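Each remark here refers to the structure printed beneath this line.
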Amino acid sequence: MDEVLHEKIRDTVKAVPRGRVATYGDIADIARAPSARLVGTVLNQDGHDLPWQRILKANGTFAPHIADEQAQLLRGEGVTVVDGKVDLRVYRWEDAVKEAPPEEPGLW
DNA sequence: GATCTGACCTACG
DNA sequence: ACGTAGGCCAGAT
């Protein structure tokens, strides 16, 4: 597995501000991960010291096994969790777009 | 090297 | 709103 990418993903997760959230897809996007699956895989293996509670699925829900814990932690950061979901329109990490670097020039 | 599995995502019925 | 199906990528069998 690509160590660089691994760290990149970890860094990106760490970059999410307190009180905000991001989706696996967002992280994958910013970290240049080939797929959102990788983000989940990395967090699963090496996410113990990361703010993994700020990462959720694209629809604003949590990963099944950790849902409870995650909801608690996020509430502790001031994020409102309703019916096991977070309103992405409000809490989504907006800088995700800004951080997204341009594509390689000359591809087309 | 084929197959299965998973902290995913989108589209469809 | 909820289940399925297909696509996705890397690691483990």
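Quantities reported herein were computed from a predicted structural model and do not represent experimental measurements.
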If you check every side-chain atom of A:T41, which of B:dC9, C:dA10, B:dG6 has the closest atom?
-> B:dG6

Take the protein atom CG of A:L88 and the nucleotide atom C1' of B:dT10, then report the distance between them rounded to whole Å.
-> 15 Å

Which of C:dA10, B:dA7, C:dA1 is nearest the side chain of A:P34? It is C:dA10

Gap between atoms CD and C1', on A:Q45 and B:dT5 respectively (whole Å) = 13 Å

Between P of C:dC9 and CG of A:D29, the distance in whole Å | 14 Å

Taking the side chain of A:A36 as its heavy atoms from C-beta onward, which of B:dA7, B:dC9, C:dC9 lies nearest to it?
-> B:dC9

Round to a whole Å and report the spacing from CZ of A:R10 to P of B:dA7.
-> 18 Å

Could you list the donor-acceptor pairs under 3.5 angstrom formed between side-chain atoms of residues 42-52 of chain A and any protein atom two or more places apart in sequence or on another chain?
| unit_1 | atom_1 | unit_2 | atom_2 | d |
| --- | --- | --- | --- | --- |
| A:D46 | OD2 | A:H6 | NE2 | 3.2 |
| A:D49 | OD1 | A:R10 | NH1 | 3.4 |
| A:D49 | OD2 | A:R10 | NH2 | 3.2 |

From the options B:dA7, B:dC9, C:dC9, select the nucleotide whose nearest atom is closest to the side chain of A:H65.
-> B:dA7

Would you mind telling me which of B:dC9, B:dA7, C:dC9 lies closest to the side-chain atoms of A:S35?
-> C:dC9

For A:A22, does its backbone N or O pair with a side-chain atom of A:R92 as donor and acceptor, under 3.5 Å?
-> no

Over how many whole Å does the gap from A:L5 atom CG to C:dC9 atom P extend?
-> 12 Å

When you look at A:T80 and A:L74, which way does the side-chain contact (heavy atoms from CB on, under 4.5 Å) test go after all the steps?
-> CA-CA 8 Å; A:T80 303; A:L74 286 182; over 6 Å; no

Gap between atoms NE2 and P, on A:H6 and C:dC9 respectively (whole Å) | 19 Å

Let me know the distance between OH of A:Y24 and C1' of C:dA10, rounded to the nearest Å.
-> 16 Å

Rounded to the nearest 0.5 Å, what's the gap from CD on A:E69 to CD on A:Q53? Could you check?
-> 8.5 Å

Among C:dC9, B:dC9, B:dA7, the one nearest A:L43 by side-chain distance = B:dA7

Distance in angstrom units between A:K8 NZ and C:dC9 P, rounded = 19 Å

Taking NZ, NE, NH1 and NH2 as the nitrogens, is one of them in A:E77 or A:R20 under 4.0 Å from a carboxylate oxygen of the other?
-> no

